[in-house]
Amino acid sequence: RFWELGAGVLVYLASTTVASTRLNSVVAFVSPALLALLVMCFLAPQHYASQSTLAAVGLTGLLLFNTHRNITSRVLSLPPAVYIGKISYSLYLWHWPVVALGPLVLSPDWRISTLYVATMGVAAIFSHHLIEKPLRVANWSGSKTRDIAIAFACSFALSVAAVLYALLTIGNKEIPF
């Protein structure tokens with residue numbers, strides 16, 4: 001995933017250093033087609049996952065380079081698109097379990113990207129509203145700093161427990177420290 005972050009950094013650097021009005025105009029003109037192609041990347045068959053990921057990152061980079069207020073920016077400002085942005089972290093968290101477990105639990109006839117996207121969407125909506133938002137605004141101890149410290153301590157304790165469990169269940173009964 002690091003290369004995707006790197007692509008975003010390169011787009012940002014290019015957008016702040018390249019002041020070509022002509023290039024911006026061309027990107028703005030083709031941005032509706034870029035957006036349509038981006039949507040198609042998410043509906044591509046699973047055996048094209050590598051190619052569609054590469055295409056999606058490139059198309060997203062070009063769309064981010066678009067600084068003009070045009071039809072594409074208006075479409076991406078519509079409430080449904082903004083909502084997808086709001087649940088994007090939940091979508092990110094759910095995408096891998098769905099993609100990894102889908103082939104294990106679905107017959108080959110049901111292994112279609114559209115079903116995966118719908119499943120990720122439903123799971124992301126529920127987890128965003130029932131888990132992520134409530135936890136983000138919770139005030140458990142009366143102090144945000146204390147809440148962060150408690151969350152960090154719990155995360156650390158769970159990580160240590162997971163590592164110890166993994167070490168003990170793979171047959172290595174000795175703890176290496």
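Since we're looking at a predicted model, the values are computed, not measured.
Taken from CD1 in Ile125 to CG in Leu91, the straight-line distance is 8.0 Å, to the nearest 0.5 Å. Between Leu10 atom CG and Leu64 atom CG the span is 12.5 Å, to the nearest 0.5 Å.
Val9 forms part of a hydrophobic cluster together with Tyr12, Leu13, judged by ILVMFWY side-chain heavy-atom separations under 4.5 Å. Clustering of Ile, Leu, Val, Met, Phe, Trp and Tyr side chains at separations under 4.5 Å places Leu93 together with Tyr89, Tyr92. Other residues sharing the hydrophobic cluster of Ile148, ordered by chain and number and joined by side-chain separations under 4.5 Å: none, the residue standing alone. Clustering of Ile, Leu, Val, Met, Phe, Trp and Tyr by side-chain heavy atoms under 4.5 Å joins Val82 with none of the others.
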Side-chain donor-acceptor pairs under 3.5 Å in residues 27-34, sequence neighbours left out?
from	atom 1	to	atom 2	distance (Å)
Ser31	OG	Ala28	O	2.9
Ser31	OG	Asn70	ND2	3.1
Ser31	OG	Thr72	OG1	2.8

Identify each donor-acceptor pair in which a side-chain atom of residues 51-62 lies under 3.5 Å from a protein atom, sequence neighbours left out, and give them as a table.
from	atom 1	to	atom 2	distance (Å)
Ser52	OG	Tyr48	O	3.0
Ser52	OG	Ala49	O	3.1
Thr53	OG1	Ala49	O	2.8
Thr60	OG1	Ala56	O	2.7

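Every residue meeting the side chain to side chain donor-acceptor pair (under 3.5 Å) condition with Ser141, not counting sequence neighbours, appears here in chain and number order: Asp147. With sequence neighbours left out, Ile131 forms a side-chain contact (heavy atoms from CB on, under 4.5 Å) with Ser127, Leu135.
For Trp96, the CH2 atom sits in a loose shell: 12 or fewer heavy atoms of surrounding residues, nucleotides or ligands are nearer than 6.0 Å.
Two different hydrophobic clusters hold Val26 and Ile71 under the rule that ILVMFWY side chains link at heavy-atom gaps under 4.5 Å. Taken together through direct or relayed side-chain contacts under 4.5 Å among Ile, Leu, Val, Met, Phe, Trp and Tyr, Ile87 and Trp94 form parts of separate hydrophobic clusters.
Within the structure, salt bridge (charged side-chain N to carboxylate O under 4.0 Å, His left out) pairs that include any residue of residues 121-146 comprise Glu132-Arg136 (at least two apart or interchain). Applying the ring-ring contact (aromatic ring centres under 6.0 Å, His included) test to residues at least two apart or on different chains, the pairs with a partner in residues 111-131 are Tyr83-His129. The stretch residues 4-15 participates, sequence neighbours left out, in these salt bridge (charged side-chain N to carboxylate O under 4.0 Å, His left out) pairs: Arg1-Glu4.
By the 4.5 Å heavy-atom criterion applied to side chains, Leu130 and Pro134 are not counted as neighbours.
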